[in-house]
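Taking it in order: structure first as structure tokens, then the write-up.
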Amino acid sequence: MEGHFGFQDWWPGETAWEVVVGAILTQNTAWRNVEKAIDQMKQHGLFSPKEILEASPSKLESAVRSSGYYRQKARRLLGVAAHIRQRHRGSLSRMLHQSPAALRRELLTLPGIGPETADDILLYAAGRATFVVDAYTVRALERLGLAQSGGYEGYRRYVLSRFGRSPRRLQEFHALFVVLGKQYCKKEPRCVPCPLLDLCPTGRGSLRRGPIPEGR
DNA sequence: ACCCAGGTGGCCC
DNA sequence: GGGCCACATGGG
């Protein structure tokens with residue numbers, strides 16, 4: 001993928017906190033709408049955990065409105081900020097410095113943080129070895145015939161067991177799946193043939209949707 | 001007027 | 001384990 005799409009050197013936020021905020025706001029939402037929301041938060045002084053905790057909920061809601069599900073997402077951000085204050089004396093880095101397993105478990109107890117958001121934070125905010133399985137990853141692995149549904153954990157293990165555990169590489173790998181997905185692996189019916197198929201180890205499959213053909 | 005976007009939680013079988 | 005629904009805005 002890197003040979004085809006180039007080195008992405010992609011990062012979903014300027015700071016660890018921005019990664020956390022972005023990870024929550026981008027849930028089932030286009031990134032451009034998330035950027036607007038983050039800009040609004042900053043412009044209105046409603047960005048840092050402290051600012052979020054002190055803001056009125058309705059102000060925060062209007063700031064994140066453009067990212068969709070804005071009432072839920074405002075509540076989720078507030079919940080994370082409150083958690084950091086109570087459990088980590090207000091320090092995000094204290095939270096992130098735990099062991100990866102402990103951090104992942106902890107993140108998953110927070111309302112609105114599921115496996116993908118947790119891994120996003122683990123990989124890009126804490127720099128820990130994990131893989132972010134997003135909708136593009138699932139579509140690509142399935143349509144290429146490389147992996148078949150084992151649930152989120154199944155796909156995550158599939159990648160981790162074959163790709164190694166260098167955080168830097170795993171960050172890049174996820175970025176490449178996003179680029180691949182946006183270009184070649186959208187939902188029906190606007191999928192186009194992908195030159196990457198030539199690199200597929202199974203030598204079959206298609207990024208188009210549908211059953212995987214036998215042979216080639 | 002549709003369909004889709006880097007999900008999550010609740011509820012059901 | 002899987003299927004279905006609500007949650008909501010902005011772009012094509």
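In what follows, chains are A, B, ... by sequence order, proteins preceding strands, each numbered from 1. The figures that follow rest on heavy atoms only: side chains count, while hydrogens, waters and symmetry mates do not.
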Exercise. Supply the atom-to-atom distance Arg94(A) CZ to Leu96(A) CG, rounded to the nearest 0.5 angstrom.
Key: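 One gets 11.5 Å once the value is rounded to the nearest 0.5 Å.
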
Quiz item: Any side-chain donor-acceptor pair under 3.5 Å between His4(A) and Gln183(A)?
Solution: no

Distance check, [atom1] atoms only: [N] and [M], in whole angstrom units.
| N | M | atom1 | result |
| --- | --- | --- | --- |
| dC7(C) | dG6(B) | P | 22 Å |
| dC5(C) | dC4(B) | P | 15 Å |
| dG10(C) | dT8(B) | P | 22 Å |

For [X], enumerate each residue passing the side-chain hydrogen bond (donor to acceptor under 3.5 Å, both in side chains) test, keeping only those at least two apart in sequence or located in another chain.
| X | answer |
| --- | --- |
| Asp120(A) | none |
| Thr117(A) | Gln27(A) |
| Gln40(A) | His44(A) |
| Lys182(A) | none |

Exercise. Taking only Lys NZ, Arg NE, NH1 and NH2, and the carboxylate oxygens of Asp or Glu, determine whether Glu153(A) and Arg156(A) approach each other closer than 4.0 Å.
Key: yes

Quiz item: Is a salt bridge present between Glu51(A) and Lys59(A), judged by a nitrogen-to-oxygen distance below 4.0 Å?
Solution: no

Protein-nucleotide distance ([X], atom [atom1]; [N], atom [atom2]), rounded to Å:
| X | N | atom1 | atom2 | answer |
| --- | --- | --- | --- | --- |
| Arg65(A) | dA8(C) | CZ | C1' | 11 Å |
| Arg75(A) | dA6(C) | CZ | C1' | 12 Å |
| Ile24(A) | dG6(B) | CD1 | C1' | 14 Å |
| Arg32(A) | dC4(B) | CZ | P | 18 Å |
| Asn33(A) | dC4(B) | CG | C1' | 11 Å |
| Lys73(A) | dT9(C) | NZ | P | 11 Å |
| Leu25(A) | dG10(C) | CG | C1' | 14 Å |
| Lys187(A) | dG12(C) | NZ | P | 18 Å |

With the criterion being N/O to N/O and under 3.5 Å, what pairs connect the protein with nucleotides 2-4 of chain C, and how long is each?
unit_1	atom_1	unit_2	atom_2	d
dG2(C)	OP1	Ser149(A)	OG	2.7

Quiz item: Can you find a donor-acceptor N/O pair under 3.5 angstrom joining the side chain of Asp120(A) to the base of dG6(B)?
Solution: yes

With sequence neighbours excluded, what pairs up with [X] under the ring-ring contact (aromatic ring centres under 6.0 Å, His included) test?
| X | answer |
| --- | --- |
| Trp11(A) | Tyr124(A) |
| Tyr69(A) | none |
| Phe131(A) | Phe173(A), Phe177(A) |

Practice problem: Return no unless some side-chain N or O of Arg71(A) is found under 4.0 Å from OP1 or OP2 of dA8(C). | Solution: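 So the side-chain polar atoms of Arg71(A) do come within 4.0 Å of the phosphate oxygens OP1 or OP2 of dA8(C), strictly under.
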
Practice problem: Return each pair, listed once, that meets side-chain hydrogen bond (donor to acceptor under 3.5 Å, both in side chains) where at least one residue sits in residues 159-175 of chain A; pairs must be two or more places apart or across chains. | Solution: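 Applying side-chain hydrogen bond (donor to acceptor under 3.5 Å, both in side chains) to every pair that reaches into residues 159-175 of chain A, excluding sequence neighbours, yields Asp9(A)-Arg168(A).
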
Practice problem: Using a 4.0 Å cut-off on protein heavy atoms (strictly under), produce a 5'-to-3' string for nucleotides 7-13 of chain B with B for base contact, S for backbone-only sugar-phosphate contact, and - for none. | Solution: BSS----

Practice problem: Using a 4.5 Å cut-off on heavy atoms from C-beta on, say whether the side chain of Met41(A) contacts that of Ile52(A). | Solution: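 Result yes, sub-4.5 Å side-chain heavy-atom pair found.
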
Exercise. Check the pair Asp119(A), Tyr152(A) against side-chain contact (heavy atoms from CB on, under 4.5 Å), reporting the backbone distance first and the verdict last.
Key: CA-CA 11 Å; Asp119(A) 285 324; Tyr152(A) 185 95; 2.6 Å; yes

Exercise. Could you list by number each residue of residues 40-48 of chain A showing a heavy-atom separation from DNA chain B of less than 4.0 Å, or answer none if no residue does?
Key: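 Those residues: none at all.
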
Practice problem: Residues of residues 154-173 of chain A with any non-hydrogen atom less than 4.0 angstrom from an atom of DNA chain B: list those, numerically ordered, please. | Solution: none

